[in-house]
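Beneath this line is the structure, given in structure tokens, with notes to follow.
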Amino acid sequence: MTSHDALSHPPVHIVGQLVDARLSLLDRQVVDVDGRPVGVLDDLELTDVASPLEPGTPPPEVTSLVHGPIVLERIFGGRRPDAHLLRIGWDAVAKLGPAIELAAPASELPTSWVESWLRDRVIVRIPGGRHVPR
Amino acid sequence: MFLGDLVAAPVLQDGRRVGYVADVRLLVPPHTPGQRVGTPRVYGIVVCPRRTASFVGYERTGVREPRLLAAFFRWRARGSFLVLWPDLARVGENGVDLRLDARRWSADLDSRPQL
Amino acid sequence: MPVGRRWLLVAACLLLAGCGTAEDAAISTVQDARSAVVVAQQAVRLRLDTRATTPYTQVVLDDSLDAVGAAEQELRDSSEPDRARTARARVVLNDANTVLDELADAGADQMSKADLDRLTELVGRLDAALAELRR
Amino acid sequence: MKRLFAVALGVLTAIGGFLDIGDLVTNAVVGSRFGWSLAWVVVVGVVGICLFAQMAGRVAAVSGRATFELVRERMGPRLGLANLAASFLINLLTLTAEVGGIALALQLASSVHYLLWVPVAALAVWQVIWRVGFDVMENVTGLVGLLLVGFAVAFFLLGPDWTQLTDQLLQRAPHGESPATYWFYAVALFGAALTPYEVFFFSSGAVEEGWSSEDLAQSRLNVLVGFPLGGLLSLAIAGCAALTLMPLGVEVTTLSQVVLPVAEAGGRVLLIAIILGVVAATFGAALETTLSTGYTLAQFFGWSWGKFRAPAEAARFHITMIVCLLVGVAVLATGVDPVMVTEISVVFSAVALPLTYLPILIVANDPDYLGDQVNPRLLNIAGQVYFVLILVASVAAIPLMIVTGVGR
């Protein structure tokens, strides 16, 4: 077997469920209560911790989901322009799965200004813009 | 602090680089009133000796299919290990420092995550 | 594979592409023109048998005329050293151009048995030119 | 309407994937130069797309996640963005060619120059995307596209000489054709059969139609009816060209030459039916590729998408498609030959294919997404064999294209 199986599992009794962030959360779709896409999970915001860490410091907790037009920063590096970040508090999360389901409808969540600008300025002005294709 | 800063950050022990953060393992506790999913907290970090995009996940989950691809990805992420939060000395902008006596555990997610 | 050898491979590929077209320009342009004229001939034959619609036949005539025009252009652009071969090809291409031009202008609905014979005869001339160029 | 034509999505996806303007001409070119000696590539391609679409459709039905969401989720933003750039460019190239294809087909029916038809075609494609329901769109385009069965009719009317065709099947590159050209067209046919936009469209279509794990049988049916039909018709097109154009020594370069054997075999009625079928097929392909530009971007960036929503509910999704159609019309206005555009796009889709195939093959084995519907062992073996084939085709595509000067 590969070497890392020589290591054993930590003898810690886990109350809850272990989840690898990059594997099972990051880059997954975030959808609202009706299943409508709100964005892709670009990052998770954590509580800050001192540096260096004194022994016994409690681990940071996830405070909010972060999504927005920052995927390019993640790829090409560089700071995130804070203004563009859309944050959704963790308490809005309803279920973790193939997509991250939220408990609130999209209308109550921070949405991208591009989407609303294009909708109001362009789409609604074209005849049939509000008509659901039959 | 953003979790994205930790991902793929170099991991140092005693000044020597031992690998990169392949993933950040979170513990999702039972939810408290007023929320449906418990607030996750950092349980530990998965360290991989190479800077591979190893999140394809084969090296940590029970999935072994399709056979050859799974073997390839497991081989590529060989030597990965888990370090629990208490064993971390510093989490900063340019990387993570492990305590000198940091224990290395198996990176496998032994129980299937009930996602 | 050391980087040096990799670049060598890419360069080889590009070099090969230069002489990718085995035949010379004279033969390939006359061949393209022959294909176009043969298709025009078939379309006119089917039109006379009322087995092809008029708009379709018209499009085939126009496409064939364009193809011959493109072949002439390709011949002019080619760096063909042998003057006699280029001249031989240019004559037959020009011939094809005039015939197709007349038929396309006349219109698919005016096609007659005589027009079909002109096309068949033109195909023969193109075949003769090809045979000569290949010798 | 939905149950009327339960396999409409599979048929439309296959028609758009196998019988679009590029495939019509490529199959005729291959038939007129190689006869059926490349038929085995079409069969390998059909099995490949059945495998690929079946996995993507199952993942979409059970987990509700369309293909490009998985590409980013499994490959991460960096590789995901590289795939997005490649796939989006190929979709745009193919979309441009398909709108040109519609215009070329309408020109065959009317002899009005195709450039005049281009804006009309683009407007019609947009209107169908903007107003017409997904079910109605796939049923109508799929049904009318079935007129292309006329190629099979023409093939049998031409009285094929089966011994000669089987000889071609067994013989490698016929005389006078360089092996490089033979293998270039092998890769082109393989790429044409396994174009990524087919899978983007099929998996997103599964979400549009609201498939769930109860619809897995229907998904399998769609795949096993649609794509083999598409493969058979492309063999019929090659067969017609082999029987009619090959003896005449004609090298196919235009759509009008592709349909000549049909007039030869079945006269005016069959010719008109085929032209109508070609209009529907290229229209279906245009819808498929236009929607794919919207699907890929929306699913990568997490925008709201889908024809089951009003355009106002998916503004960026619709704006993307409108802009792409306008770009397509602008490119066509420069007089570029739509057929050449598809030949290039088919080769590039062969190059980009592994980046889309790998995540699907991985996720189709992930219980988080599929529970107990993960791939059976046999499917995984075939899946890995095809991954190797796809990698080889992807590496060989560009050098072959250079060496043969796009198949001269």
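- The aromatic ring centroids of D:Phe68 and D:Phe200 lie less than 6.0 Å from each other.
- Contacts with chain D were tallied for A:Val132, A:Ile123, A:Asp120, A:Val38; A:Ile123 has the most, counting heavy-atom pairs under 4.5 Å.
- Summarising the geometry, atom OG belonging to A:Ser64 is positioned 9.0 Å from atom CG belonging to A:Leu46; distances are rounded to the nearest 0.5 Å.
- In the model, D:Ser87 has a side-chain atom that pairs as donor or acceptor with a side-chain atom of D:Asn83 under 3.5 Å.
- Using a cut-off of 4.0 Å between Lys/Arg side-chain N and Asp/Glu carboxylate O, D:Arg72 and A:Asp42 are scored as salt-bridged.
- For D:Phe308, the part sitting under 4.5 Å from any heavy atom of chain A is the backbone (N, CA, C, O) and nothing else.
- Of the atoms belonging to A:Glu115, heavy atoms from both backbone and side chain fall under 4.5 Å from chain D.
- For A:Val30, no part lies near chain D; criterion is any non-hydrogen pair under 4.5 Å.
- Each of D:Arg309, D:Met137, D:His318, D:Gln299 has some count of heavy-atom pairs under 4.5 Å with chain A, and the biggest count is that of D:Arg309.
- Residue contact with chain D, scored on non-hydrogen atoms closer than 4.5 Å, involves the backbone and the side chain of A:Arg36 alike.
- Heavy-atom pairs under 4.5 Å with chain D were tallied for A:Val114, A:Ile126, A:Val31, A:Val122; the largest tally goes to A:Ile126.
- The aromatic ring centroids of D:Trp126 and D:Trp130 lie less than 6.0 Å from each other.
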- Audit row: D:Thr296, D:Val71, side chain to side chain contact (heavy atoms under 4.5 Å, CB included) steps and yes/no: CA-CA 10 Å; D:Thr296 43; D:Val71 164; over 6 Å; no

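- No other option in A:Ala106, A:Gly35, A:Pro127 has as many heavy-atom pairs under 4.5 Å with chain D as A:Pro127.
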